Amino acid sequence: MTTTLVTNIGRLVTNDPALDAGPLGLVEQAAFVVEDERVVWVGAATHAPAADHRVDAGGRAVVPGFVDSHSHLLFAGDRTAEFNARMSGQPYAAGGIRTTVAATRAASDADLEANLTRYLTEALRQGTTTFETKSGYGLTTLDEARALRIAAAYTDEVTYLGAHIVSPDYADDPAAYVELVTGEMLDACAPHARWVDVFCEKGAFDGDQARAILTAGKAKGLHPRVHANQLSYGPGVQLAVELDAASADHCTHLTDADVDALASGHTVATLLPGAEFSTRAEWPDARRLLDAGVTVALSTDCNPGSSFTSSVPFCIALAVRDMRMTPDEALWSATAGGAAALRRTDIGRLAPGAYADFAVLDAPSHVHLAYRPGVPLVTEVWRRGVRAV
């Protein structure tokens, strides 16, 4: 095994509160040592041990690699016309997904894989080192299974979302589609996935249908995630907490009971500001959740309809500007918070035992991610101790 010393770091974000009084575990004039893909030592550069190789960060800030815990990257086509109409005053509704379903079904496996790798490369250049992605644009047993099979070659964080909307093929018989999603389709998809998800929303699946889908997924060894309370108040958040879902995603329309449930459970509230930006919808109130003690994650929701961005830095800037998060909170939520939403402790931080996934910023501080929105500050990206960008 060889060791690598990353040194001359102006400000290092570790997300290890043991190193600093704050949750970001900030270390000034810092260094850390990598061995066999993982961090083995962190501290002041003046106290750094010897290593086989040395990387000079040039006094720049270093942050953990971003953990994008909610994306939809298995699709074909785009929805430019829908976006243009929405920006011209037409309201957003869940039914636009059907356009992508038609394009995805018509695409070859090679087309889907090429699209996936394109957006993964785009995200990596912006500092994302871990991502989750979902099926949900095929809505047939064959198309859902092939999407997950393709995704599983690129990430362990694969989510079965046959319950994105009721398939157009079952528009007159939603109950039969739920039976398919919980039966034959689930059997074909479960071997390729870690998670099961459902869009619990008006125009998609109600609380009883969502419960049946998530329960069936759990019986097959998949852990729940829930698209919850995006477009309206509903049962999604409390169902997520009841079933110990890893995350309730969107969380835009919350009652006090919803917030209390999240605060008392282990379900992470994953906020997706790209969706509100793209749909001109009401912003989630991150401040309300944080003040109640809820664990919050930030993610891109990258998808062709309602949030066509792969940029976590952009979402950090939106969260600070429009969701009342501090720069520290937004960065933590996009790294350690995303890891919590995936129930992982080996990513989203730079502390002994964690993977050496990190981004070097052309800035003296992580605050610049929100302070300089839209500026490509990520200059280097390392994944598991190897430079990837």
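Being a predicted model, the structure only gives us computed values, none of them experimental.
Ring orientation note: the planes of His253 and Tyr233 are nearly perpendicular, at an angle over 60° on the 30°/60° scale. Between His164 and His227, the angle of the ring planes lies from 30° to 60°, which puts this pair in the tilted group.
Under 4.0 Å is where a charged nitrogen must lie from a carboxylate oxygen, and between Asp357 and Arg38 no such pair does. Of the charged side-chain nitrogens involved, at least one lies within less than 4.0 Å of a carboxylate oxygen, so that Glu329 and Arg287 count as a salt-bridged pair. A salt bridge is absent between Glu132 and Arg194; no separation between the charged side-chain nitrogens and carboxylate oxygens falls under 4.0 Å.
Residues Asn229 and Ser232 have side chains that never bring a donor and an acceptor to within less than 3.5 angstrom of each other.
Ring centroids of Phe131 and Phe66 are separated by 6.0 Å or more, keeping the two rings apart. Between Tyr119 and Phe75, the distance from one ring center to the other falls under 6.0 angstrom.
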Q: Decide yes or no on side chain to side chain donor-acceptor pair (under 3.5 Å) for His266 and Arg343, but give the supporting numbers first.
A: CA-CA 10 Å; His266 302 289; Arg343 298 210 164 159; over 6 Å; no
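Atom CD of Glu179 has 12 or fewer neighbouring heavy atoms from other residues, nucleotides or ligands inside a 6.0 Å radius. Environment of CZ in Arg321: sparse, with no more than 12 heavy atoms of neighbouring residues, nucleotides or ligands closer than 6.0 Å. More than 12 heavy atoms of other residues, nucleotides or ligands shown are found within 6.0 angstrom of NZ on Lys218.
A donor-acceptor contact shorter than 3.5 Å is absent between the side chain of Arg349 and the backbone of Leu24. When atom types are taken as modelled, the side chain of Asp258 and the backbone of Thr255 share a donor-acceptor pair closer than 3.5 angstrom. Formation of a donor-acceptor pair under 3.5 Å by the Thr7 side chain with backbone atoms of Ala31 is not found in this model.
Of the candidates Lys134, His192, Met185, Met185 is the only one forming a side chain to side chain contact (heavy atoms under 4.5 Å, CB included) with Glu144.
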